[in-house]
Amino acid sequence: MAAQAPAPKPRKATGSGHSGLTPLEVDGPVVLRFAPGPSGPLHLGHSRAVALNHAFRGIHNGKLILRLEDTNPTVVDPAAYDLITLDMEWLGAKPNEIVVQSDRLEIYYEDARELLSRDAAYVCHCDAEKWRELKRHSTACPCRDDKSASHLAAFEALFSGGDGIVVVKTDLESNNPALRDFVALRVVETSHPRQGSTWRLWPTYNFAVAVDDYRLGVTHVLRGKDHLNNTLCQQWVYRHLDWGEPQFIHYGLVSIPDALLKTTTISEGIADGDYCGWDDPQLATLAALRRRGYQPQAIMDYWIAAGVKEADITLSWQNLEAANRVLVEPEAKRLFWVPEPVELILEASQPLEKHAPFHPEHAEMGERRETVMPGVTILLPAADMAQLAEGDLLRLKNLCNCRLRNGQLEHVSDAPIKGVPILQWCVAGEPLQLLRPNGSKVEGIAEPAAAEMMGEVVQFERIGFVRLERSQALFLHR
RNA sequence: GGGCCCAUCGUCCAGCGGCCUAGGACAUCACCCUUUCAAGGUGAAGACCGGAGUUCGAGUCUCCGUGGGCCUACCA
């Protein structure tokens, strides 16, 4: 309910600071929608729309519809319906209702008939190129004002065969070429993953969106600025049909550096073996971020902080990482991981005890204990060892101080000594390959405790946060 | 070519005519702390795209310029 405000205050500010969002102008219940095309799972770019719509649903105790826009049978990925739903749930934005456009074709047909009978649309049989060319010069095609034929009859004929499109009349004179007459329905013979070949007449984006937003009772259309002209087109449908309009709100475009977001390119890359799947850690799909250990809350918070300004913005990975670090740091267990290990024998007169806390500030999280016997082989990072020379002192972290002599480690003492280089080490452990988002891989050995933490986000000391998987550690961020 | 939208520190946000000698977060730099190069503490550096106007007064309003983005599909 939105009944808290006696009068809907236009441009109400105040909202900055808390959730950060300025509440919507409301007059009754709020219905929002997130409307992706099911051509693949969601990526980081989509998550902004999810975050904003979800946040406003929360503020106004409204309803959020997930609308799957699958009116182009040629680009539908049947798996995407479930993947998208799952991604939304992961983000904590489970929709109240899911609608699929291909289930609603008859609704679009009905509204198309109404448009035709009101002379607000026409059936056109012209060549596509020619029609476009005429439009470019603000001139009507012969079909547009052909009163001799029944456009309604021509429309019905399209169901059984033949070519033709249904066009919504707008203003051909408009000096904005993007707004002159637009196609509402066209023939697509390709079989649809959900509908098969039951239908051959499919609505286009602008028409289906206008119909659905109205028919589903959407009160606030919140979407990117790239839809500015689409909104103008869609408003023609509202006017032709005497429909009340929802409130249209546009936020600026986001540019996401170093990220491949184009669904078709990704799926090609998967097919070619460049990526292991939608969750390949090199990608910026939500599946990939989830797999690497990103917390949904970090992503949601990031977008809420960005708000709904109309200025275009650039995503800062660093800032997103910082938001995630805040969430992950208090929970992540610390672990040694020795990259590209070199082997050295430990010389000691008695067994040594390792006591390493899982978290330096949370003793209650326990510690890693290990008894190290004299004579065992210690694994140390090759890069660190390269810095040391014969006779140097070094400290095996949380264990003891050693002197490097004759290719061996000579136990010297146990208490830490100021100024002595501290190295991570392990005796034996889990071979774990570190996989960075740029695709690079480093072999290494993690201490045995890692075996019990599969699936968890942990912090490899001096490396950064990673999420553990079977034989891999997926790099999250520093 | 045409149209639409936008313009404050590196990034994101705040600022809605005087409270701004422009504030915050993250990033950066320095120092402190530290058996992690994480976290934490202290401090520093860092922006109103340009030009006209309106006004007693402009980051805040108007116009022009410049820059950027998007749309101009029988894609979504």
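Letters A, B, ... mirror the listed sequences (proteins, then strands); counts begin at 1.
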How far does the [atom1] atom of [N] sit from the matching atom of [M], given to the nearest Å?
N     : M     : atom1 : result
B/A38 : B/G50 : P     : 37 Å
B/A52 : B/U60 : P     : 14 Å
B/C56 : B/G51 : C1'   : 23 Å
B/U54 : B/A58 : C1'   : 10 Å
B/A39 : B/A45 : P     : 23 Å
B/A27 : B/G68 : P     : 30 Å
B/C4  : B/A14 : P     : 26 Å
B/G43 : B/C33 : C1'   : 15 Å

With [X] via ring-ring contact (aromatic ring centres under 6.0 Å, His included) - residues at least two apart:
X        : answer
A/Trp278 : none
A/Phe56  : none
A/Tyr109 : A/Phe159, A/Trp199
A/His240 : A/Trp236

> Which of residues 156-178 of chain A sit near RNA chain B, with a heavy atom under 4.0 Å from it?
Replying inline: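 Result for residues 156-178 of chain A: A/Ile165, A/Asn175, A/Asn176, A/Pro177, A/Ala178, sorted by number.
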>> I need the residues from residues 130-146 of chain A with at least one non-hydrogen atom less than 4.0 Å from RNA chain B; give them sorted by number, or say none.
In response: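 Contacting residues: A/Trp131, A/Arg132.
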> Which salt bridge (charged side-chain N to carboxylate O under 4.0 Å, His left out) pairs, counting each pair once, include a residue from residues 223-240 of chain A, with sequence neighbours left out?
Replying inline: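 Every pair satisfying salt bridge (charged side-chain N to carboxylate O under 4.0 Å, His left out) with a residue in residues 223-240 of chain A: A/Lys225-A/Asp312.
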Should the pair [X]-[Y] be classified as a salt bridge under the 4.0 Å nitrogen-to-oxygen rule?
X        : Y        : value
A/Asp213 : A/Arg33  : yes
A/Glu106 : A/Arg104 : no
A/Glu329 : A/Arg334 : yes

>> Here's a test of your reading of the structure: between A/Gly307 and A/Asp226, which maps to the more 5' nucleotide of RNA chain B?
In response: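 It is A/Gly307 whose nearest nucleotide is closer to the 5' end.
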>> So if I define the base as every atom that isn't primed, P, OP1 or OP2, how would nucleotides 22-36 of chain B read as a B/S/- string at a heavy-atom cutoff under 4.0 Å?
In response: ----BS-------BB
> Can the positive tip of A/Arg436 be found less than 6.0 Å from the middle of the six-membered ring of A/Phe475, inside 45° of the ring normal?
Replying inline: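 Yes, A/Arg436 lies over the aromatic ring of A/Phe475.
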> Checking A/Arg113 against A/Tyr108: charged group under 6.0 Å from the ring centre and within 45 degrees of the axis?
Replying inline: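 The answer is no; the distance or angle limit is not met.
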Produce the list of close N/O pairs, under 3.5 Å, pairing protein atoms with atoms of nucleotides 65-69 of chain B; give distances to one decimal.
unit_1, atom_1, unit_2, atom_2, d
B/G69, O4', A/Asp312, OD2, 3.4
B/G69, O2', A/Asp312, OD2, 3.1

>> Going by salt bridge (Lys or Arg N to Asp or Glu O under 4.0 Å), name the residues that satisfy it together with A/Arg292, two or more places apart in sequence or in a different chain.
In response: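 For A/Arg292 there are no salt bridge (Lys or Arg N to Asp or Glu O under 4.0 Å) partners, ignoring immediate neighbours.
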> Listed by chain and number, what are the side chain to side chain contact (heavy atoms under 4.5 Å, CB included) partners of A/Glu456, not counting sequence neighbours?
Replying inline: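 Side chain to side chain contact (heavy atoms under 4.5 Å, CB included) list for A/Glu456, sorted by chain: A/Lys333, A/Met453, A/Val458.
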Could you tell me the separation between the [atom1] atom of [X] and the [atom2] atom of [N], rounded to a whole number of Å?
X        : N     : atom1 : atom2 : value
A/Glu310 : B/C13 : CD    : P     : 13 Å
A/Asn230 : B/G3  : CG    : P     : 19 Å
A/Phe465 : B/A38 : CZ    : C1'   : 5 Å

Show me the side-chain donor-acceptor pairs of residues 416-427 of chain A shorter than 3.5 Å, one per line, residues at least two apart or across chains.
unit_1, atom_1, unit_2, atom_2, d
A/Gln424, OE1, A/Trp337, N, 3.1
A/Gln424, NE2, A/Glu461, O, 2.7
A/Trp425, NE1, A/Lys397, O, 2.8

> Can you tell me how far CD1 of A/Ile98 sits from OG1 of A/Thr85, rounded to the nearest 0.5 angstrom?
Replying inline: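 Between A/Thr85 OG1 and A/Ile98 CD1, I get 4.0 Å after rounding to 0.5 Å.
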